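Worksheet: one structure, shown below.
In this text, all values refer to a predicted model and were calculated from it rather than measured experimentally. First the proteins, then the strands, lettered A, B, ... as listed; each starts at 1.
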Amino acid sequence: MPASTPSSDPVLAPPPRTSLWLGLASVIALVTAQTHAILTSPPDADMGHLQKIMYVHVPAAWMTFIAFFVVLVFSVRYLWQRRENDDLLAASAAEVGATFNGLTLMLGMIWGRPAWGVWWVWDARLTSTLVLFLIFVGYLALRAFVDDTDQRARWSAAVGAIGAINVPIVYMSVTWWRTLHQPPSSPATLDAAYTLGLRLNAIALLLVLIYFIRKRYEIARLERATEHAAEAVAMGGR
Amino acid sequence: MAWREDWRRVRAIARKDLTTELRGKAGFNAVVSLGVTILVLLGLALGPDAEALRNAAVGAVWLATLFSAVLAFNRSFQVELESGALESLLQYPGPRWTIYAGKLLGNLIFVTLMVAIVVAVGVVLFGVRIPDTWPTLLGILALGIVGLVVLGTFYASMASRSRAREVLLPLLLFPMLVPLLLAAATASKALLGADLMHEASAWIRLLAAYDLVFLIATFLAFEHVIEA
Amino acid sequence: MIASNQTFIIAAYAVTWVVILAYLLRLVRKGGRARAEYERAVQLERQERQS
């Protein structure tokens, strides 16, 4: 039997409520940041207005990493303290992270088609992002195919932590793989004219990320609490 | 003397693993045959131009290895699953890490023997010209096998006990093997080709670091994963 | 060249909003259902405990 968790206590900690206002505020912030960036950024010397895609693509990538970092932290924390809520938070961050990851990939392809002429190139960033996406998908698949909640939590935490360790290694190896034969394809440094817009969009998208993770976590807590209540009833009350 | 006791336990688990029906001669032959079959299919799909095949050799051998190894890893936990032996194994006194080490050792031996045959067949089918640096190539192969076995055994300990073991193990394992595949393939190709030795040595160091990192990480995590 | 670039820029922002709004909708719907189920289950448990 698993170690006792706070949720096995009949007096359940009520699942948190996520304010819809946070969601609305983050959407408004995002619209504002995007409008500002589109209207005020000058066309790039090489790419013209195509550079404007960067304001959605790059923050999406950053949010993916932040989400993965959250998965790492709470996976390790679960292995350490075995608090079920940590597992639920890690899983929520993984689902949201996978969504932002998929978005990053799509935007990378939409940027790449006019920039390079093809829908896909095996460059360092796109390839690494794709591998990261597969690691996310594996984590979510594992959760889908394991029914026992205790086992699912332990295994997800182990897979999440070990997967996260691999992320920088994947990036490093794919970058080496590319630089041996070709110089990097996308510009590494950013003109100062663009950084403010980028930062504003990143902050706005971060608000969206926080809202999504909190909301998803609330749902996970509600579902788990419902399960517990149903179990208590099934066992004939106390 | 506890050390010697642990080591004996590790060897016992490995020996048990390697002598069961699933993993004995018949099981080994089946997995190797699969590896060879995959090589043949790859040769047919990518050939018949000799130059194209020679360029594809390293990738083909590694892919055949990966797909065959996945079968071997799932089977290494299947015996316990079917007879319920995993629970009794866990009840025995002794540290848990010896179970993991025993599984690792068994898989290491199994996969090494399998790879030896697959590589030999691959060299012949794909017309590989063996260079003077072949000892280094063997070293790269060895490091690759270690990483493959470490991560494969670790993920198989979970996937084999889930509802969808055939698809879950490759789905979990293959993205994790990306650095290993890149390092082993790129370094091998460098040595087989014009050989810029310094290029290969950087990849070899990455491989070694990768093996060490995941050996430690999986040992630490196995404790949490093995409970029934 | 610049005109067709515009198509891709619009596509990028469109895809971004489709994904964000679709996921938001999913969360709100799932959240409503989960909250309703939870209230029902807690009600039931409370009744059980009283009886």
Side-chain angles (χ1 to χ4, degrees), chain A residues 10 12 14-15 17-18 20 23 26-27 30-31 34 38 43 47-57 59-60 95-96 99-100 102-103 106-107 109-115 205 208 211-212 215-216 218-238, chain C:
Chain A
L12 287 166
R17 279 190 183 276
T18 318
L20 190 58
S26 63
V27 165
L30 191 58
V31 173
Q34 285 180 357
I38 292 174
M47 286 188 278
H49 289 277
L50 204 54
Q51 154 274 332
K52 297 197 200 299
I53 296 182
M54 174 191 67
Y55 294 116
V56 278
H57 173 62
E95 186 183 290
V96 177
T99 308
F100 275 101
L103 179 61
M106 285 190 278
L107 292 176
M109 290 166 67
I110 294 175
W111 188 7
R113 180 69 174 93
L205 203 59
V208 174
Y211 175 73
F212 278 175
K215 189 78 189 161
R216 186 63 188 84
E218 176 190 330
I219 294 171
R221 287 285 302 275
L222 284 168
E223 286 173 346
R224 193 76 192 100
T226 307
E227 249 173 67
H228 273 296
E231 272 168 31
V233 167
M235 290 198 289
R238 307 257 161 131
Chain C
M1 198 47 198
I2 302 177
S4 65
N5 269 8
Q6 201 169 51
T7 319
F8 286 98
I9 299 170
I10 294 172
Y13 281 84
V15 164
T16 304
W17 281 103
V18 164
V19 169
I20 289 178
L21 292 176
Y23 192 67
L24 180 63
L25 192 64
R26 177 176 184 269
L27 286 183
V28 166
R29 289 229 298 252
K30 223 175 170 206
R33 251 181 289 136
R35 180 62 65 174
E37 293 260 340
Y38 170 72
E39 300 293 348
R40 212 179 308 144
V42 165
Q43 265 270 20
L44 216 63
E45 193 204 2
R46 210 169 290 146
Q47 284 171 355
E48 273 289 321
R49 253 190 283 148
Q50 279 162 4
S51 63

Open item on the list: Below 4.5 Å, heavy-atom pairs only: which of Val208(A), Thr18(A), Leu20(A), Leu30(A) has the largest tally toward chain C?
Closed with: Leu30(A)
Task: Region of Arg221(A) in contact with chain C, defined by heavy-atom distances below 4.5 Å - done: neither
Task: Distance, nearest 0.5 Å, that separates OG1 of Thr99(A) from CG of Leu27(C) - done: 8.0 Å
Task: Side chain, backbone, both or neither of Leu107(A) within contact of chain C (heavy atoms, under 4.5 Å) - done: side chain
Please tabulate, for the side chains in residues 9-21 of chain C, all donor-acceptor contacts under 3.5 angstrom to protein atoms that are two or more places apart in sequence or on a different chain.
unit_1, atom_1, unit_2, atom_2, d
Tyr13(C), OH, Lys52(A), O, 2.8
Thr16(C), OG1, Ala12(C), O, 2.8
Trp17(C), NE1, Gln34(A), OE1, 2.8

Open item on the list: Just so I understand: if I count every heavy-atom pair under 4.5 Å between each of Ala230(A), Gly23(A), Pro15(A) and chain C, which residue has the most?
Closed with: Pro15(A)
Task: Under 4.5 Å from any heavy atom of chain C - which part of Phe100(A) - done: neither
TODO: Please collect all salt bridge (charged side-chain N to carboxylate O under 4.0 Å, His left out) contacts where either partner lies in residues 11-28 of chain C, sequence neighbours excluded, each pair once.
DONE: Glu95(A)-Arg26(C)
Open item on the list: Please report the interatomic distance NE2(His49(A)) to CD(Gln6(C)), rounded to the nearest 0.5 Å.
Closed with: 8.5 Å
Open item on the list: One thing to verify: whether Glu37(C) and Arg33(C) come together as a salt bridge, which I'm taking to mean a side-chain N less than 4.0 angstrom from a carboxylate O.
Closed with: no
- [ ] Select one option (side chain, backbone, both, neither) describing which atoms of Glu39(C) are under 4.5 Å from chain A's heavy atoms.
- [x] side chain
